Amino acid sequence: MTGTKAPFRPRTPGHVGMYVCGVTVYDLCHIGHARSAIVFDVLRRYLEAKGLAVIYVRNFTDIDDKIIARAARDGIGWRDVAERFIVEYHRDMDALGVLRATVEPKATDHIPDMLALIAGLVEKGMAYAEGGDVYYRVAGFPRYGRLSGRRLDQLQAGARVEVDEKKHDPLDFALWKTSKPGEPTWDSLWGPGRPGWHIECSAMAMAHLGQTIDLHGGGQDLTFPHHENEIAQSEGYTGMEFSRCWMHNGFVTINEEKMSKSLGNFFTIREILDKSPWDRVVTAEALRYFLLGTHYRGPIDFSDEALRGAKAALDGFYDLLGRLREPEGKSEHGGGNEIARAAIEELERQFAAAMDDDLNTAQALGALHHARAEFNRALGKVVSTGMAQQAEAALTRHGQILGLEFHATRRGQIHEAAAHLGARTTLEAIGTVVGGTMLDGDVARLVEARNAARARKDWAGADVIRKQLADAGVILEDRPDGTTRIKR
RNA sequence: GGCGGCGUACCCAAGUGGCUAAGGGAGCAGUCUGCAAAACUGCGAUGCGGCGGUUCGAACCCGCCCGCCGCCUCCA
């Protein structure tokens with residue numbers, strides 16, 4: 001609220017009520033939506049990992065001009081539009097590993113709450129009715145503009161021409177508006193109509209989290225006027241502080257420019273997942289990694305190159321996890337145990353320090369990479385199976401806080417998985433068939449044949465098989481002890 | 001016009017007064033290796049848009065300038 005970082009202290013120790021503005025469900029989500037969802041998903045995961053009980057409320061705006069317009073265009077009902085895109089939202093966000101919120105309220109389920117709020121504001125003189133519409137009297141709320149660092153006189157000077165002459169002041173905003181013919185309507189004290197945009201968030205936040213919430217989040221573009229208006233409505237009504245902490249994520253840009261529909265420079269989550277050369281699971285994780293690689297408040301520029309970089313960085317973790325999990329090269333008398341032990345401690349410390357400092361996920365990823373290098377170094381000096389397990393657990397535990405699941409068997413672990421799964425099932429479980437569908441049994445036979453060739457120093461023959469497997473998306477890595485690591 | 005943000009190596013990026021300016025990607029060299037891959041080691045900004053200033057000390061604070069972006073209207 002003060003525009004500075006401040007220690008986060010929830011109202012009730014050990015409990016956090018957080019509200020994040022979700023999406024208006026009239027179209028597929030783009031990566032800007034993904035960023036917001038992922039940032040606050042990570043915040044929620046981290047708070048929970050710290051042992052706090054989090055109630056996370058993320059709404060759906062399911063009544064809005066754009067939904068009505070879309071319904072008219074598609075020739076279906078507005079409720080059908082909303083329902084369809086809620087399903088699509090979940091499809092995309094599930095793919096990105098965004099957890100469902102504790103409560104995902106829809107605006108239209110809270111019309112009575114909104115009406116109660118509006119009525120209260122009118123009673124207190126904070127709002128006024130005018131010909132079936134109800135407006136909030138901004139001038140009656142002295143703190144208006146504090147969140148976004150604006151002053152009333154400046155706003156008025158710069159205000160664009162308002163067509164709506166029902167407003168007493170151009171800055172006033174609609175709490176309730178008369179429906180046009182054919183539009184969805186609800187009955188109210190001021191006649192049939194529908195809610196303005198801002199009131200829904202106040203109503204839903206208070207309905208689920210009480211009159212003062214611990215934390216409110218959303219995209220940077222919502223700071224003004226949406227969140228400013230939420231504060232005005234809520235505090236005007238309750239006389240209490242609405243949210244103790246505000247967090248706004250920066251934009252995703254394309255070629256350094258904000259994504260927007262008018263510029264046509266936006267990517268939906270769907271098309272990124274569909275058009276990627278990699279499997280969906282791999283792409284989704286790379287996208288998440290990419291989005292967490294920059295501090296949430298700053299802008300982030302999306303490009304194929306950036307996504308490739310994220311994927312390459314993740315590959316390093318997968319290679320390490322494969323080495324930690326394989327039984328080969330482990331010994332109880334290894335000299336790497338101390339290195340690994342120290343690295344785990346360092347990771348715990350650095351990761352927490354980064355996350356505690358305004359959710360610095362970029363720095364947290366740096367800590368994870370440092371641990372990765374240390375674990376690799378330890379493996380070079382040999383570690384025990386127990387220490388390898390601890391290292392693996394440390395990596396996956398911290399990865400999970402960021403929503404990076406290191407999905408067990410993406411690459412490099414097929415020989416483990418294949419032991420107890422049918423070959424076909426394994427391929428599906430792994431989810432990353434890099435352009436090949438060779439069955440595990442065939443792979444195993446070819447590896448055996450190649451090793452036989454190597455044993456009799458038939459290098460040409462061995463290389464033919466290596467090539468054959470490579471074409472099927474299987475990469476072989478020979479270990480010093482003569483065994484072969486299989487990656488696909 | 002008002003408000004705000006950004007500019008760190010080839011690319012991305014953390015760091016916002018004081019140890020050798022994190023980390024990732026790409027690159028080069030070396031170790032290992034039949035080859036390859038992976039891994040490890042080393043190299044790479046005497047400098048953090050430019051110029052001044054404050055300070056024992058600044059990428060980090062102040063001033064001016066240059067460049068880029070966003071908000072002020074629906075928008076994650």
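The shown structure was predicted, so the numbers you read here are calculated from the model rather than taken from an experiment. Numbered from 1 within each chain, the chains take letters A, B, ... in sequence-line order. Only heavy atoms go into these numbers, but all of them, side chains included; no hydrogens, no water, no symmetry mates.
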For this session: Let me know, please, whether A:Ser148 or A:Met259 comes out on the 5' side of the other along RNA chain B by nearest nucleotide.
Result: A:Ser148
Seminar exercise, completed: A:Asp319 atom CG is separated from B:C40 atom C1', nearest whole Å, by 14 Å
Exercise. Using 30° and 60° as the class limits, which term best fits the ring planes of A:His208 and A:His110: parallel, tilted or perpendicular?
Worked result: perpendicular
Problem set entry | N or O in side chain of A:Asn249 less than 4.0 angstrom from B:A76 OP1/OP2 | no
Exercise. Have A:Asn59 and A:Tyr19 got a donor and an acceptor in their side chains that come within less than 3.5 Å?
Worked result: yes
Exercise. In whole Å, what separates the P atom of B:U20 from that of B:G70?
Worked result: 40 Å
Exercise. Can you check the A:Ile465 CD1 to B:G34 C1' distance for me, whole Å?
Worked result: 15 Å
Seminar exercise, completed: Considering only heavy side-chain atoms of A:Arg450, the closest of B:A13, B:G70, B:C35 is B:C35
Problem set entry | Pair A:Asp315 + A:Lys487: basic N to acidic O under 4.0 Å | no
For this session: Whole angstrom is fine here: how far is it from CD in A:Glu346 over to C1' in B:G23?
Result: 13 Å
Exercise. Base, sugar-phosphate, or nothing: which does A:Gly298 touch, judged by heavy atoms less than 4.0 Å apart?
Worked result: nothing
For this session: Hunt down the Watson-Crick or G-U wobble partner of B:C28, both distances under 3.5 Å, from any strand shown, or write none.
Result: B:G42
For this session: Please measure how far the P atom in B:A58 lies from the corresponding atom in B:G1, and state the result in whole Å.
Result: 35 Å
For this session: Can you figure out which of B:A76, B:G24, B:A13 approaches the side chain of A:Leu222 most closely?
Result: B:A76
Problem set entry | Whole-Å P distance, B:C65 and B:G27 | 43 Å
For this session: Under 4.0 Å between any heavy atoms, over every strand shown, what does A:Ala306 touch: base, sugar-phosphate, or nothing? Just pick one.
Result: nothing
Exercise. Is there a Watson-Crick or G-U wobble partner for B:C3 with both distances under 3.5 Å, and which nucleotide is it?
Worked result: B:G70
Problem set entry | Partner nucleotide, any strand, of B:G47 [Watson-Crick/G-U, under 3.5 Å] | none
For this session: Name the orientation class of the two ring planes belonging to A:His216 and A:Trp246 (parallel below 30°, tilted from 30 to 60°, perpendicular beyond 60°).
Result: parallel
Exercise. With a 4.0 Å cut-off on heavy atoms, is A:Gly32 in touch with a base, just the backbone sugar-phosphate, or nothing at all?
Worked result: base
Seminar exercise, completed: note: A:Glu257, atom CD; B:C71, atom P; distance rounded to Å ~ 11 Å
For this session: Using a 4.0 Å heavy-atom cut-off across all strands, classify A:Arg466 as base, sugar-phosphate, or nothing.
Result: base
Problem set entry | Among B:G34, B:A37, B:A76, the nucleotide that comes nearest once only the side chain of A:Phe251 is considered | B:A76
For this session: For the side chain of A:Trp459, starting at C-beta, report the closest nucleotide among B:G70, B:G34, B:G15.
Result: B:G34
Exercise. Does any N or O donor sit under 3.5 Å from an N or O acceptor when you compare the side chain of A:Asp463 with the base of B:G34?
Worked result: yes
Problem set entry | Complementary nucleotide of B:G23, counting Watson-Crick and G-U pairs under 3.5 Å | B:C12
Problem set entry | Sugar-phosphate, base or nothing in reach of A:Val20, heavy atoms under 4.0 Å | nothing
For this session: May I ask you to verify if any side-chain N or O of A:His369 is less than 4.0 angstrom from the OP1 or OP2 atom of B:G23?
Result: no
Exercise. Between atom CZ in A:Arg308 and atom C1' in B:G25, what is the gap in whole Å?
Worked result: 10 Å
For this session: Just compare B:A14, B:A76, B:G34 and give me whichever is closest to any side-chain atom of A:Thr294.
Result: B:A14
Exercise. How many Å lie between CG on A:Asp357 and C1' on B:G15, as a whole number?
Worked result: 10 Å
Exercise. If each of A:Leu365 and A:Asp301 is mapped to the nucleotide of RNA chain B with the nearest heavy atom, which maps nearer the 5' terminus, i.e. the 5' end?
Worked result: A:Asp301
For this session: Select one nucleotide: of B:U41, B:A37, B:C74, the one nearest the side-chain heavy atoms of A:Pro225.
Result: B:C74
Problem set entry | C1' spacing across the pair B:A36 / B:U31, given as an integer number of angstrom | 16 Å
Exercise. What does B:C61 pair with, Watson-Crick or G-U, if both distances are under 3.5 Å?
Worked result: B:G53
Exercise. Is the A:His226 ring parallel, tilted or perpendicular to the A:His198 ring (thresholds 30°, 60°)?
Worked result: tilted
Problem set entry | B:U8 to B:C60 separation - C1' atoms, rounded to the nearest Å | 11 Å
Exercise. Can you tell which of B:G70, B:A14, B:C72 lies closest to the side chain of A:Gln220?
Worked result: B:G70
Exercise. Does CD belonging to A:Glu305 count more than 12 external heavy atoms closer than 6.0 Å?
Worked result: no
Exercise. If you measure from the P atom in B:G50 to the same atom in B:C10, how many Å do you get, rounded?
Worked result: 13 Å
Exercise. So what does A:Ala354 hit on the nucleic acid, given a heavy-atom distance under 4.0 Å: a base, only sugar-phosphate, or nothing?
Worked result: nothing
Exercise. Per the atom types in the model, does the base of B:G70 pair as donor or acceptor with the side chain of A:Arg297 at under 3.5 Å?
Worked result: no
Problem set entry | Base B:A76 paired with A:Arg35 side chain (donor-acceptor, <3.5 Å) | no
Exercise. Parallel under 30°, tilted from 30 to 60°, perpendicular over 60°: which one fits the rings of A:Tyr136 and A:Phe173?
Worked result: parallel
For this session: Assess whether one donor atom and one acceptor atom, taken from the side chain of A:Asp65 and the base of B:C74, lie less than 3.5 Å apart.
Result: no
Exercise. Any chance the side chains of A:Glu328 and A:Thr483 put a donor and an acceptor closer than 3.5 Å?
Worked result: no
Exercise. Distance between the C1' atoms of B:C64 and B:A13, in whole angstroms?
Worked result: 29 Å
For this session: Rounded to whole angstrom, note down the P distance from B:A59 over to B:C3.
Result: 30 Å
For this session: Between B:A14, B:C40, B:G25, spot the one nearest the side chain of A:Asn376, thanks.
Result: B:C40
Exercise. How is A:Lys66 classified with respect to the nucleic acid when contacts are heavy atoms under 4.0 Å: base, sugar-phosphate, or nothing?
Worked result: sugar-phosphate
For this session: Look at all strands and tell whether A:His248 reaches a base, only sugar-phosphate, or nothing, counting heavy atoms closer than 4.0 Å.
Result: nothing
Exercise. Looking across every strand, which nucleic acid part, if any, lies under 4.0 Å from A:Gly380 by heavy atom: base, sugar-phosphate, or nothing?
Worked result: nothing
Exercise. Looking at B:C74, B:G24, B:G34, which one has an atom nearest to any side-chain atom of A:Asp478?
Worked result: B:G34
Exercise. Would one find a side-chain N or O of A:Lys311 under 4.0 angstrom from OP1 or OP2 of B:G25?
Worked result: no
Exercise. Is the closest basic N to carboxylate O distance between A:Arg377 and A:Glu374 below 4.0 Å?
Worked result: yes
Problem set entry | Nucleotide nearest A:Gln363 when distance is taken to its side chain, options B:C74, B:A14, B:A39 | B:A14
Problem set entry | Spacing of A:Asp27 atom CG relative to B:A76 atom P, expressed in whole Å | 11 Å
Exercise. Do we get A:Arg58 above A:Phe40's six-membered ring, with its NZ or CZ under 6.0 Å from the centre and within 45° of the axis?
Worked result: no
Exercise. Separation of A:Leu476 atom CG from B:A37 atom P, in whole Å?
Worked result: 13 Å
